[in-house]
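To start, the structure under review is shown below, and the notes come after it.
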Amino acid sequence: MATYICEVWSNSSYGSTYTVATKSAMRCAAEYGRADGGEVVQVRRKNGTVLSRVQWSPEERGYIRVSI
């Protein structure tokens with residue numbers, strides 16, 4: 001099974017990195033996200049290629065997909 005790197009960061013907290021088995025940033029956000037203002041969750045390959053990214057939106061009260 002392939003593994004990917006999940007990165008979580010925001011303006012108000014230190015970044016965190018996790019090894020995950022999914023390409024979905026939304027799924028990672030559900031598991032590792034803290035719902036901070038401006039928080040970004042992204043999944044990338046080990047070579048650095050970003051596969052997906054979501055960002056917390058206070059207006060939507062949830063994560064939204066953003067373009068890479």
Side-chain angles (χ1 to χ4, degrees):
M1 177 183 342
T3 58
Y4 306 95
I5 306 298
C6 173
E7 299 171 317
V8 180
W9 72 88
S10 72
N11 296 335
S12 62
S13 67
Y14 291 109
S16 302
T17 304
Y18 307 94
T19 301
V20 296
T22 181
K23 295 179 185 179
S24 171
M26 193 67 78
R27 189 173 291 167
C28 288
E31 188 167 343
Y32 302 113
R34 297 177 294 270
D36 286 341
E39 181 179 67
V40 176
V41 178
Q42 81 175 9
V43 177
R44 64 177 175 83
R45 289 190 172 115
K46 292 180 180 179
N47 69 4
T49 305
V50 177
L51 301 172
S52 63
R53 181 182 292 172
V54 297
Q55 184 170 357
W56 176 259
S57 172
E59 295 84 19
E60 298 292 325
R61 295 185 179 157
Y63 289 95
I64 57 171
R65 288 176 178 82
V66 294
S67 61
I68 301 170

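Since the model is a prediction, treat every value here as computed from it, not as a measurement. Values below: all heavy atoms of this structure, side chains included; hydrogens, waters and symmetry mates excluded.
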Inter- and intrachain pairs under salt bridge (charged side-chain N to carboxylate O under 4.0 Å, His left out), touching [range], at least two apart:
range          : answer
residues 48-68 : none
residues 10-36 : R34-D36, R34-E39
residues 9-22  : none

Query - Contacts of E7 that satisfy side-chain contact (heavy atoms from CB on, under 4.5 Å) - sequence neighbours left out - result: I5, W9, T17, Q42, R44
Requested in this report: Name all residues meeting the side-chain hydrogen bond (donor to acceptor under 3.5 Å, both in side chains) criterion together with T49; count only those two or more places apart in sequence or in a different chain, and write none if there are none.
Outcome: N47
Requested in this report: Could you list who else is in Y18's hydrophobic cluster, with ILVMFWY side chains joined at under 4.5 Å, directly or through other members?
Outcome: Y4, V8, V20, M26, Y32, V41, V43, L51, V54, W56, Y63
Query raised in the report: Counting N and O atoms only, with roles assigned by atom type, does the side chain of S52 sit under 3.5 Å from a partner on the main chain of A25, one being a donor and the other an acceptor?
Result: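 Such a contact is found between S52 side chain and A25 backbone.
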